Number of protein chains: 2
Amino acid sequence: MKKPSIKDIASKAGVSPSTVSSVLNGKAKHMRISDVVAARVKKIALEEGYQPNTIAVSLRTGRSKIIGLIVEDIANPFFSALARTIEDEALKLGYRIVYCSTENDLERGNDLLYVLGQTHVDGYIITPVPGMELKLKELKDQGRPMVFMDRFIASLEVPCVLINNYDGVKQGMDYLLKRGYNCIGYVSTNSSQVQMKARMSAYIDKVNTDLQKAPLLLEIDFLMDRTKIKAAVKEFVIDNNLDAVFFATNYLGVVGLEIINELGWKIPDQIGIVCFDDTDLFKLYPPGITAVRQPVQEIAEHSVKMLIDQIQGKLASSESQLLLKGELMVRGSA
Amino acid sequence: MKKPSIKDIASKAGVSPSTVSSVLNGKAKHMRISDVVAARVKKIALEEGYQPNTIAVSLRTGRSKIIGLIVEDIANPFFSALARTIEDEALKLGYRIVYCSTENDLERGNDLLYVLGQTHVDGYIITPVPGMELKLKELKDQGRPMVFMDRFIASLEVPCVLINNYDGVKQGMDYLLKRGYNCIGYVSTNSSQVQMKARMSAYIDKVNTDLQKAPLLLEIDFLMDRTKIKAAVKEFVIDNNLDAVFFATNYLGVVGLEIINELGWKIPDQIGIVCFDDTDLFKLYPPGITAVRQPVQEIAEHSVKMLIDQIQGKLASSESQLLLKGELMVRGSA
DNA sequence: CTGTTAGCGCTTTCAG
DNA sequence: CTGAAAGCGCTAACAG
């Protein structure tokens with residue numbers, strides 16, 4: 001009841017191991033193996049439930065068909081959705097993923113890089129944080145394939161897949177403006193992350209060009225408790241007589257909607273709402289809301305594809321950058 | 001600049017590969033290799049930055065030193081905390097973890113088992129769900145080491161690490177009773193999960209023996225939105241004149257506390273509160289609250305240890321069960 | 001068209 | 001006390 005090896009298949013089929021190998025790797029044509037033999041080999045392999053020993057393959061070929069995925073915090077819904085999608089995409093192309101989550105701990109992040117190194121991953125998909133720069137450069141200089149995702153490190157010429165946060169907010173603002181709202185507030189966290197800055201600047205640009213009113217910004221400490229966020233949003237909306245609110249973050253949107261709800265305001269008639277949808281909570285939003293959805297599927301597809309191209313040498317590790325746009329979704333009335 | 005192999009070290013040290021292998025695997029004594037040679041080999045290995053090729057080791061020894069961890073939903077804070085802790089524990093013992101999250105999708109779960117099978121993991125740590133039974137039995141019958149965590153499947157004699165949910169609620173109730181509360185309500189989800197049932201029955205037992213009042217239960221749909229949960233809790237607490245509430249879940253606790261807070265009630269003077277702390281949010285709770293904390297660290301330690309013992313054949317794959325108790329934590333005043 | 005051979009890097013007897 | 005040799009399962013040249 002042991003797993004059959006290539007030898008077992010070979011002897012059962014009356015051919016040599018190398019023939020079996022060629023057939024099973026789709027090199028029958030190239031090796032000019034007769035169709036009848038190929039068919040017999042395939043049949044027997046199937047019957048015996050043959051599966052190549054991936055370890056042996058790795059040792060021989062020097063590639064593991066494993067991708068290391070390093071994100072900041074796997075508990076963050078955005079990253080966990082991304083991770084899941086990436087895993088699926090990779091599987092389709094015959095690659096496995098091993099995850100690692102740095103938990104915002106630099107030392108841990110660097111350890112992971114090290115551990116993954118000895119796990120012989122073929123390449124990395126990484127959400128880089130500033131402190132990893134040195135180790136990352138080292139890996140890159142060793143010629144290890146990698147792609148950055150969602151963030152990047154300017155000093156490193158690594159292909160990356162980014163989200164056009166500016167465009168996302170622009171789309172949302174255009175929508176609100178077209179619908180006739182003209183006093184639009186913007187609620188964001190005061191994070192220093194480059195994504196948040198990009199979103200903010202889109203808002204400011206839009207407000208400056210298309211609206212007579214001055215921009216109205218509310219920046220909130222991300223870790224503040226819900227009650228405080230709600231109070232702040234309430235005051236913000238009422239004091240400024242807003243007729244629409246743009247929430248720069250999923251979380252803020254969810255919390256903000258609660259207070260709008262408690263005030264009994266109808267969306268989109270009494271107030272317009274747009275949320276940036278970092279996760280996939282859109283379906284839970286009440287009707288009338290518009291969301292800028294992150295292109296999770298596309299990010300996953302492209303990251304995986306770009307990495308595998310690199311691994312297979314199809315693409316020089318050039319500075320190719322991909323800027324993916326979100327999609328505006330209007331939640332219809334229930 | 002290539003990674004040095006055992007041969008490189010051997011020739012640099014003027015010995016044979018096998019000697020290097022013995023020394024580096026701590027078998028110098030057993031092989032009666034002279035201390036001077038051993039020292040020289042170690043020194044050179046260090047200088048050259050030698051690291052054994054894990055793939056080659058796996059191929060040769062038949063073990064990968066990799067553990068497959070399968071949880072239901074990695075985005076669930078309880079599981080992600082657990083996963084992180086398990087990873088650390090495993091690393092200490094020289095094992096790596098590869099995660100998989102079934103996302104409550106049975107087919108996906110079974111696929112994962114398959115994929116992990118060909119990844120040559122040495123064993124599994126699993127949070128089993130009913131539908132996996134067949135595949136799991138198959139693996140077990142093949143002699144693959146595994147341990148169940150947090151849940152178990154009664155028909156399979158697999159070692160498992162469980163949490164004593166009954167005891168947790170009992171501890172919490174004892175605390176409340178000792179403090180003199182005598183109208184204690186219980187807020188839970190109406191989930192059919194065995195853990196939730198166990199918690200509930202502890203509450204009922206306690207109430208029946210130590211309290212003259214009938215049990216007061218509020219069961220809530222887990223996916224209901226926050227506003228509704230809050231309204232329900234508010235009504236529940238006021239209508240029944242409760243002087244204490246036991247929240248059977250972290251999430252319910254957090255939401256419930258919001259309304260308590262909005263009502264302006266002081267804890268623990270005006271109302272007593274105990275939460276079951278599935279995640280590690282305890283530190284965020286306001287002062288005066290008591291929580292039953294899940295023993296994440298212990299679960300991780302024991303799961304890993306039990307699995308590795310199995311892998312190393314130290315323990316027959318017997319029906320050893322471990323029932324771990326939570327710990328009562330009182331959050332002091334800020 | 002197919003088989004033989006040589007290793008990938010390591011561990012483990014078994015002879016010295 | 002140490003080294004030589006075999007072989008884990010597979011693939012890729014090179015011979016037939």
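Computed over heavy atoms, backbone and side chain alike; hydrogens, waters and symmetry mates excluded. These numbers come from a predicted model, not from an experiment.
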**Request:** Check every atom of D:dT2, D:dC10, C:dT11 against the side chain of B:Ile6 and return the nucleotide holding the closest atom.
**Result:**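 For the B:Ile6 side chain, the nearest candidate turns out to be C:dT11.
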**Prompt:** Quick one: which of D:dC10, C:dC10, C:dT11 gets closest to the side chain of A:Asn53?
**Reply:**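 Within the option list, the nearest is D:dC10.
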Provide, to the nearest angstrom, the distance between the [atom1] atom belonging to [X] and the [atom2] atom belonging to [N].
{"X": "B:Ile9", "N": "D:dT2", "atom1": "CD1", "atom2": "C1'", "result": "18 Å"}
{"X": "A:Arg60", "N": "D:dA12", "atom1": "CZ", "atom2": "P", "result": "7 Å"}
{"X": "B:Leu59", "N": "C:dT12", "atom1": "CG", "atom2": "P", "result": "13 Å"}
{"X": "B:Lys65", "N": "C:dC10", "atom1": "NZ", "atom2": "P", "result": "16 Å"}
{"X": "B:Arg63", "N": "C:dT12", "atom1": "CZ", "atom2": "P", "result": "11 Å"}

**Asked** Of A:Cys160, A:Pro130, A:Pro128, which is the lone residue that meets side chain to side chain contact (heavy atoms under 4.5 Å, CB included) with A:Ile153?
**Response**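 The single option meeting the side chain to side chain contact (heavy atoms under 4.5 Å, CB included) with A:Ile153 is A:Pro128.
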**Prompt:** Which atom names give the shortest non-hydrogen contact between A:Asp8 and A:Ser5, and what distance separates them?
**Reply:**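 Of all heavy-atom pairs spanning A:Asp8 and A:Ser5, the closest is OD2-N, 2.8 Å.
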**Asked** Where is the tightest heavy-atom contact between B:Ser58 and A:Ile55, given as atom of each residue plus distance?
**Response** CB-CD1, 3.5 Å
**Prompt:** Residues two or more places apart in sequence or in another chain: which of them pass salt bridge (Lys or Arg N to Asp or Glu O under 4.0 Å) with A:Arg151?
**Reply:** A:Glu72
**Passing candidate, salt bridge (charged side-chain N to carboxylate O under 4.0 Å, His left out) with A:Glu48, options A:Lys7, A:Lys12, A:Lys43, A:Lys42** =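 Of A:Lys7, A:Lys12, A:Lys43, A:Lys42, salt bridge (charged side-chain N to carboxylate O under 4.0 Å, His left out) with A:Glu48 is met by A:Lys12 alone.
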**Message:** Counting only heavy atoms and a strict 4.0 angstrom limit, can you tell me which residues of residues 17-25 of chain B come near DNA chain C?
**Reply:** B:Ser18, B:Ser21, B:Asn25
**Prompt:** Closest nucleotide of DNA chain D for B:Thr61 versus for B:Gly14: which of these residues is on the 5' side?
**Reply:**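 On the 5' side of the pair lies B:Gly14.
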**Asked** Hey, does the side chain of A:Tyr50 come within less than 4.0 Å of D:dG9's phosphate (OP1/OP2), counting only N and O?
**Response**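 Indeed not, no polar side-chain atom of A:Tyr50 lies that close.
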**Item:** Closest-nucleotide 5' rank along DNA chain C - winner of A:Val36 and B:Pro4
**Value:** A:Val36
**Request:** Could you please spell out the steps behind the side-chain contact (heavy atoms from CB on, under 4.5 Å) verdict for A:Phe148 and A:Leu162?
**Result:** CA-CA 8 Å; A:Phe148 289 161; A:Leu162 303 171; over 6 Å; no
